[in-house]
Asker: 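The structure's right below; bear with me while I get my questions together.
Values in this document were obtained by computation on a predicted structure and should not be read as measured data. What's counted below: heavy atoms across the whole structure, side chains too, no hydrogens, waters or symmetry copies.
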Protein chains: 2
Amino acid sequence: MTTRIVELRRGILKKNDELAAGLRSSYAAAGVLVLNLVSSPGTGKTAFLELTLRELRARGAKVAALVGDLETDNDARRLAASGAPVRQINTHGICHLDAEMIGRHIDGWEGVTLAALDYLFIENVGNLVCPSSYDLGEGIRVALLSVTEGEDKPLKYPTLFNSADAAVITKIDIAEPCSFDRDLALRNINEIRPGIRIFETSAKTGAGMEPWLDYLAEERTRRET
Amino acid sequence: MTTRIVELRRGILKKNDELAAGLRSSYAAAGVLVLNLVSSPGTGKTAFLELTLRELRARGAKVAALVGDLETDNDARRLAASGAPVRQINTHGICHLDAEMIGRHIDGWEGVTLAALDYLFIENVGNLVCPSSYDLGEGIRVALLSVTEGEDKPLKYPTLFNSADAAVITKIDIAEPCSFDRDLALRNINEIRPGIRIFETSAKTGAGMEPWLDYLAEERTRRET
C-alpha cells in the first residue's frame with residue numbers, strides 16, 4: 001500500500017509542477033512578482049503580511065493577497081484592513097495550498113487581474129511540512145520563523161528552509177521575554193540554507209520592515225531587466 | 001486520482017485504527033496511562049513535557065516518553081534531562097506519528113516495559129493537521145496552544161481541538177507582551193469542544209502545573225477502578 005501511495009503522490013506532485021509552471025509563465029507575462037509565505041501556525045504571517053501590504057501601498061505599489069486556511073475567513077478579513085484586494089481559500093482539511101487552487105482563485109477573482117498588479121502575496125496554510133512540496137509558481141518562497149518557536153526549527157524542518165529564497169524572523173519585539181538566542185537561530189538557518197537573505201522584523205513595532213520592502217523592490221526590478 | 005487517494009487514505013486510517021486498538025488493549029493490560037501531545041511546532045511541547053516528567057518523578061511516578069520529529073534527536077536529548085527514559089522517533093518527512101511507529105518503538109525499547117510504567121507520554125510531530133487523524137491508542141489526547149499563536153487557532157484547526165480530551169495553554173509568563181486575549185482563547189476552545197478541561201501553564205515559571213499533575217493522577221485512578 002505504501003508503494004501505491006508513493007506512486008500516487010509522485011503523480012500528484014508531477015501534475016502540480018505542470019500547473020505551477022503554467023502559473024509561473026502567466027506571472028512573468030503579467031509582470032507580477034509572486035511570493036509564497038510559509039510557516040508554522042502562529043508565527044505571525046498574517047500580521048507581517050498586513051503590514052507589508054500597507055507599506056507597499058503607501059509606496060504606491062499595486063498589491064493583492066490570497067490566503068489559505070483549513071477553515072474560517074478570519075485572515076482574509078484581517079488582511080483586507082490593509083485596503084488591498086484579498087481572497088480567502090479554504091482547503092477544508094488539506095494542509096497546504098496547491099497550484100490548482102491558486103489558478104482557480106486567480107481566474108475567478110472579481111476586480112483583480114494579474115497584469116494590474118506589482119506584487120501578489122500568497123499566505124499558505126500554517127504548516128512546516130506539507131507546503132514545502134507544492135510549488136505555486138511563486139518567484140520567491142519565504143520561510144517565516146518567530147522568536148517564540150525555538151531556534152532549531154530550521155534543522156527539524158529542513159525541506160522548507162532548504163527550498164526558501166528568503167527567511168523572515170518575526171516578533172523580535174518579544175525576543176527578550178522569549179529568551180530568543182539570535183546567533184543560534186541565524187546559524188541554524190545558514191546551516192540549512194547557506195547565504196539565504198534573512199530579515200528580522202516586528203509587525204507590532206514596524207522594526208526591520210525597511211530592508212524587507214527594499215528587497216522586494218530590488219527583486220522586482222531585477223526580474224524586469 | 002483524487003478518488004483513489006481518498007480510498008487509499010481510508011484504508012491506511014482503517015489499518016491504523018486496528019493497530020491503535022491493539023495498543024489500547026496492551027496499555028490497559030499494563031495499567032499505564034498514555035497521553036498524546038499535539039500542537040503546532042514551537043508551542044513549547046518539549047519544555048512542558050520535560051517539566052511534567054520531572055514533577056511526576058518527584059511525586060514518585062514511573063514515567064517514560066516517546067518523541068516524534070521529522071529529523072534530529074534534539075527533543076529526546078532535552079527530555080532525557082528529566083531523568084526519564086526517552087526514545088526519539090524520526091519520521092523522515094511524515095507529518096505525524098502512527099500506531100505502527102509507536103508499537104515498533106515500544107517493542108524494541110531497551111530497559112522499558114509498559115507494565116513497569118504509570119504514565120507514557122507521546123510527543124507528536126509539531127503539526128496541527130496531520131496528527132489529528134491518527135489514533136495512537138492513547139487514553140488522553142492533549143491539544144496545546146501557546147499565548148504567542150493567536151486565539152483563533154481552535155477555530156482554524158477544529159479537528160484537533162474537537163478530538164482532544166484536554167487543552168493546555170502554554171507560555172502564560174509572556175501573555176502580556178504577546179497581548180494574549182485569554183477570554184477569547186477560552187471562548188474559542190469551548191466553542192469547538194464544550195466543557196473540555198483547560199490548563200494554563202508556564203514551563204518557565206512552573207505556573208499552573210499543580211492542577212495539571214492532579215488531573216493526571218485523577219485520570220489514572222479513575223481508569224484503574
Side-chain angles (χ1 to χ4, degrees), chain A residues 1-2 4-5 7-9 11-12 15 39-47 69-75 78 90-96 125-130 132-133 145-160 170-171 173-179 188 192 204, chain B residues 1-2 4-5 7-9 11-12 15 39-47 69-75 78 90-96 125-130 132-133 145-160 170-171 173-179 188 192 204:
Chain A
M1 189 176 274
T2 310
R4 280 161 66 202
I5 281 282
E7 278 167 17
L8 275 172
R9 196 175 130 79
I12 287 172
K15 179 149 181 255
S39 81
S40 173
T43 299
K45 280 186 297 304
T46 310
D69 273 302
L70 273 73
E71 306 292 343
T72 82
D73 64 348
N74 292 1
D75 285 358
R78 285 172 61 195
N90 278 139
T91 63
H92 304 295
I94 296 177
C95 51
H96 59 84
V125 176
N127 200 299
L128 283 177
V129 184
C130 318
S132 309
S133 310
L145 173 74
S146 84
V147 299
T148 74
E149 282 176 58
E151 297 82 358
D152 62 352
K153 288 290 169 295
L155 308 182
K156 286 182 171 177
Y157 299 89
T159 313
L160 168 59
T170 59
K171 306 191 190 181
D173 56 292
I174 53 168
E176 203 182 307
C178 292
S179 313
N188 288 340
I192 298 298
K204 199 184 258 176
Chain B
M1 190 175 275
T2 310
R4 278 160 68 202
I5 281 282
E7 278 167 18
L8 275 173
R9 195 176 130 78
I12 286 172
K15 177 144 183 260
S39 80
S40 172
T43 299
K45 280 187 297 305
T46 310
D69 273 302
L70 274 73
E71 306 292 344
T72 82
D73 64 348
N74 292 1
D75 285 359
R78 285 172 61 194
N90 278 140
T91 64
H92 304 295
I94 296 176
C95 51
H96 59 84
V125 177
N127 199 300
L128 284 177
V129 183
C130 318
S132 310
S133 310
L145 174 75
S146 84
V147 300
T148 72
E149 284 177 55
E151 298 81 358
D152 62 353
K153 287 290 169 294
L155 308 181
K156 285 182 172 177
Y157 299 89
T159 313
L160 168 60
T170 59
K171 307 191 190 180
D173 56 291
I174 51 168
E176 203 181 307
C178 292
S179 313
N188 287 342
I192 298 298
K204 200 184 260 178

Asker: What distance separates D69(B) CG from Y157(A) OH, expressed to the nearest 0.5 Å?
Answerer: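 Reported value, rounded in 0.5 Å steps: 6.0 Å.
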Asker: What are the two closest heavy atoms between S179(B) and K204(A), and how far apart are they?
Answerer: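 Between these two residues, the closest heavy atoms are OG-NZ, 3.3 Å.
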Asker: Counting heavy-atom pairs under 4.5 Å to chain A, which of S40(B), G42(B), P41(B) comes out on top?
Answerer: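 Greatest number of close heavy-atom pairs with chain A: P41(B).
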Asker: Go through the atoms of L128(A) and report whether side chain, backbone, both or neither lie under 4.5 Å from a heavy atom of chain B.
Answerer: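 The answer is the side chain of L128(A).
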Asker: Distance check, rounded to the nearest 0.5 Å: I174(B) atom CD1 versus E176(A) atom CD?
Answerer: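 Answer rounded to 0.5 Å: 12.0 Å.
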Asker: What part of T159(B) gets within 4.5 angstrom of chain A, counting heavy atoms only: side chain, backbone, both, or neither?
Answerer: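 Contact with chain A is absent: no heavy atom of T159(B) under 4.5 Å.
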Asker: Check L155(B) against T72(A) and note the closest heavy-atom contact, atom names and distance.
Answerer: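 Heavy atoms of L155(B) and T72(A) come nearest at O-CG2, 3.7 Å.
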Asker: At a heavy-atom distance under 4.5 Å, which candidate from G126(A), S146(A), A47(A) has the highest pair count against chain B?
Answerer: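 The residue among G126(A), S146(A), A47(A) with the greatest pair count is G126(A).
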Asker: Most heavy-atom pairs under 4.5 angstrom with chain A, which of D152(B), D173(B), T46(B)?
Answerer: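 Ranked by heavy-atom pairs under 4.5 Å with chain A, first place is D152(B).
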Asker: Can you sort out the partners of C130(A) under disulfide (SG to SG under 2.5 Å), two or more places apart, ordered by chain and number?
Answerer: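 Once residues adjacent in sequence are excluded, the partners of C130(A) under the disulfide (SG to SG under 2.5 Å) criterion are C95(A).
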Asker: Considering only heavy atoms, which portion of K156(A) lies under 4.5 Å from any heavy atom of chain B: side chain, backbone, both, or neither?
Answerer: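 Its backbone and side chain both get close to chain B.
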Asker: Who wins among P177(A), G93(A), G150(A) for the most heavy-atom pairs under 4.5 Å with chain B?
Answerer: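 Heavy-atom pair counts peak at P177(A).
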